[in-house]
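Just so it is clear, the model here is predicted, and its values are computed rather than measured. We name chains A, B, ... by the order of the sequence lines, and we start the count at 1 in each one.
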Protein chains: 2
Amino acid sequence: MNQGQLATSLKRWGVRVTPQRLAIAEVVINADDHPSVQQIHERVSDQFPYITLATVYATLSVLGKQGLIQELPFQKQSRYEANLTPHANLVCVSCGTVTDTEIGEDLITTLRREVSVKAEFDIASQRVDFYGWCPTCPVGTYQDGSR
Amino acid sequence: MNQGQLATSLKRWGVRVTPQRLAIAEVVINADDHPSVQQIHERVSDQFPYITLATVYATLSVLGKQGLIQELPFQKQSRYEANLTPHANLVCVSCGTVTDTEIGEDLITTLRREVSVKAEFDIASQRVDFYGWCPTCPVGTYQDGSR
DNA sequence: TTTACTGCAAAGGGTTTGCATGAGG
DNA sequence: CCTCATGCAAACCCTTTGCAGTAAA
């Protein structure tokens with residue numbers, strides 16, 4: 001999604017299009033590391049040195065309600081992603097990275113449909129996380145140094 | 001799991017077994033509503049009127065590290081559950097309830113194995129959430145009253 | 001007896017809110 | 001022009017930390 005499509009999507013909901021919002025949305029859409037609010041704020045600060053965290057929070061809330069991005073609450077803070085298609089997140093409990101994987105996307109889509117039908121649950125979105133150790137981290141270690 | 005098994009599990013890790021810990025663990029294990037820390041504190045307060053939130057937090061942290069319970073961070077606060085088998089949580093964005101479903105458990109188990117092998121990711125646990133509207137809530141409504 | 005847990009109080013920090021100014025439509 | 005977004009500051013509240021007394025082993 002580019003800024004043109006983005007602006008159209010925002011206008012459709014009667015939401016005001018501002019340069020800050022476009023920049024924040026672009027940062028999240030182009031990010032592949034599930035950035036935190038702090039990280040998003042840092043990256044947007046290149047273009048808008050005086051932008052505040054409050055503005056970033058407000059914009060992320062708007063984008064979330066538009067269904068353009070998804071908030072992923074973690075224990076310490078939330079992270080954000082723009083990949084709304086059914087997929088799994090790989091969360092390394094050692095180095096803290098969060099990466100998307102395409103593996104099993106069809107299974108998740110099937111799962112979603114099955115749950116929707118059998119549980120009579122009207123699904124708007126989903127979150128699939130796997131917590132463990134990525135290939136480069138020693139199994140059994142944790143981000144806080146414990147084991 | 002009863003308190004005897006629980007005590008054994010705690011002792012195995014050199015963790016001290018106290019009445020408060022047993023009570024907190026029992027509350028989480030017997031709960032089917034994914035209670036918050038506040039709710040767990042309230043329920044344990046019946047037995048221990050002077051117990052504090054700090055103790056509840058500390059105990060939940062211990063139980064989590066033992067792999068007896070799982071913390072589920074949400075936007076407002078965390079909830080806890082003792083069902084660690086692969087399953088999906090149904091999160092109603094209207095009434096706020098979180099319920100486990102057995103539907104698709106085999107799919108999730110298959111998914112986990114596939115991701116583990118193909119992504120070379122050593123998985124310790126997982127979280128599968130579906131966000132939407134339960135059968136008794138009007139589709140399109142939200143907990144904060146917006147739509 | 002030793003070590004770790006509990007209860008209490010205070011601090012920490014991510015997130016939200018209130019308000020005056022400024023920009024979008 | 002009118003409404004809403006931004007920037008700034010303060011408040012909010014969940015969660016963590018420090019410490020003295022106490023209970024587990």
Trainee: Do the numbers put B/R127 on top of the ring of A/F74, so that NZ or CZ is under 6.0 Å from the six-membered ring centre and no more than 45° off the axis?
Mentor: no

Trainee: Taking all heavy atoms of B/P73 and all of B/S78, pick out the closest pair and write down the distance.
Mentor: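 In this case the closest contact between B/P73 and B/S78 is CA-OG, 3.4 Å.
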
Trainee: At how many degrees, to 10°, do the end axes of the helix from C/dT1-D/dA25 to C/dG25-D/dC1 meet when each uses five pairs?
Mentor: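 For the helix from C/dT1-D/dA25 to C/dG25-D/dC1, the axes at either end differ by 50°.
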
Trainee: Mind running side-chain contact (heavy atoms from CB on, under 4.5 Å) on B/R21 and B/R16 for me, showing each step along the way?
Mentor: CA-CA 9 Å; B/R21 286 184 170 175; B/R16 217 166 264 184; 4.2 Å; yes

Trainee: Could you pick out which residue, A/T52 or B/K76, lies toward the 5' side of DNA chain D when each is mapped onto its nearest nucleotide?
Mentor: A/T52

Trainee: Give one of base, sugar-phosphate or nothing for B/Y57, where a contact means two heavy atoms less than 4.0 Å apart.
Mentor: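 Counting heavy atoms under 4.0 Å across all strands, the contact made by B/Y57 includes a base.
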
Trainee: Across nucleotides 17-25 of chain C, 5' to 3', mark each nucleotide with B, S or - according to how protein heavy atoms within less than 4.0 Å reach it.
Mentor: B-----BBS

Trainee: Output the rounded distance in Å from CZ (A/R79) to P (C/dG14).
Mentor: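 Answer to the nearest Å: 13 Å.
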
Trainee: Figure out the CZ/P separation between B/F48 and C/dC5, and round it to whole Å.
Mentor: 16 Å

Trainee: Whole Å only: how far is the CG atom of B/L53 from the P atom of C/dA11?
Mentor: 18 Å

Trainee: How many Å lie between NE2 on A/H41 and P on C/dT15, as a whole number?
Mentor: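 Distance check: A/H41 NE2 to C/dT15 P gives 14 Å.
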
Trainee: Quick check against the 3.5 Å criterion: does B/S9 have a side-chain atom that pairs as donor or acceptor with the backbone of B/Q5?
Mentor: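 Side chain of B/S9 to backbone of B/Q5: no pair is present.
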
Trainee: To check you understand the geometry: which heavy-atom pair defines the closest contact between A/I29 and A/A82, and what is its length?
Mentor: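 For A/I29 and A/A82, the tightest heavy-atom pair comes out as CA-CB, 3.8 Å.
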
Trainee: Scan side-chain atoms only and decide if B/Q75 and A/E71 contain a donor-acceptor pair under the 3.5 Å cut-off.
Mentor: yes

Trainee: Are side-chain heavy atoms of A/I24 and A/I40 found at a separation under 4.5 Å?
Mentor: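 SC-SC contact between A/I24 and A/I40 confirmed.
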
Trainee: Check for a donor-acceptor pair, side chain of B/Q47 on one end and backbone N or O of B/V44 on the other, with a separation under 3.5 Å.
Mentor: no

Trainee: May I ask you to verify if any side-chain N or O of A/S78 is less than 4.0 angstrom from the OP1 or OP2 atom of C/dG14?
Mentor: no

Trainee: Find out whether B/T99 and B/N89 are in side-chain contact, i.e. whether some heavy atom of one side chain is under 4.5 Å from a heavy atom of the other.
Mentor: no

Trainee: At under 4.0 Å, does any side-chain N or O of B/Q20 touch on OP1 or OP2 of C/dG7?
Mentor: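 It does, given that an N or O in the side chain of B/Q20 lies less than 4.0 Å from OP1 or OP2 of C/dG7.
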
Trainee: Quick check against the 3.5 Å criterion: does B/H34 have a side-chain atom that pairs as donor or acceptor with the backbone of B/V98?
Mentor: yes

Trainee: Can you measure A/Q39 atom CD to C/dG14 atom C1' for me and round it to whole angstrom units?
Mentor: 14 Å

Trainee: Report yes or no: do B/L60 and B/L72 belong to one cluster of Ile/Leu/Val/Met/Phe/Trp/Tyr joined by side chain heavy-atom distances under 4.5 Å?
Mentor: no

Trainee: Take the protein atom CZ of B/R21 and the nucleotide atom C1' of C/dC5, then report the distance between them rounded to whole Å.
Mentor: 6 Å

Trainee: At a heavy-atom distance below 4.0 Å, which nucleotide of DNA chain D is the first touched by chain A, and which is the last?
Mentor: D/dT3 to D/dT16

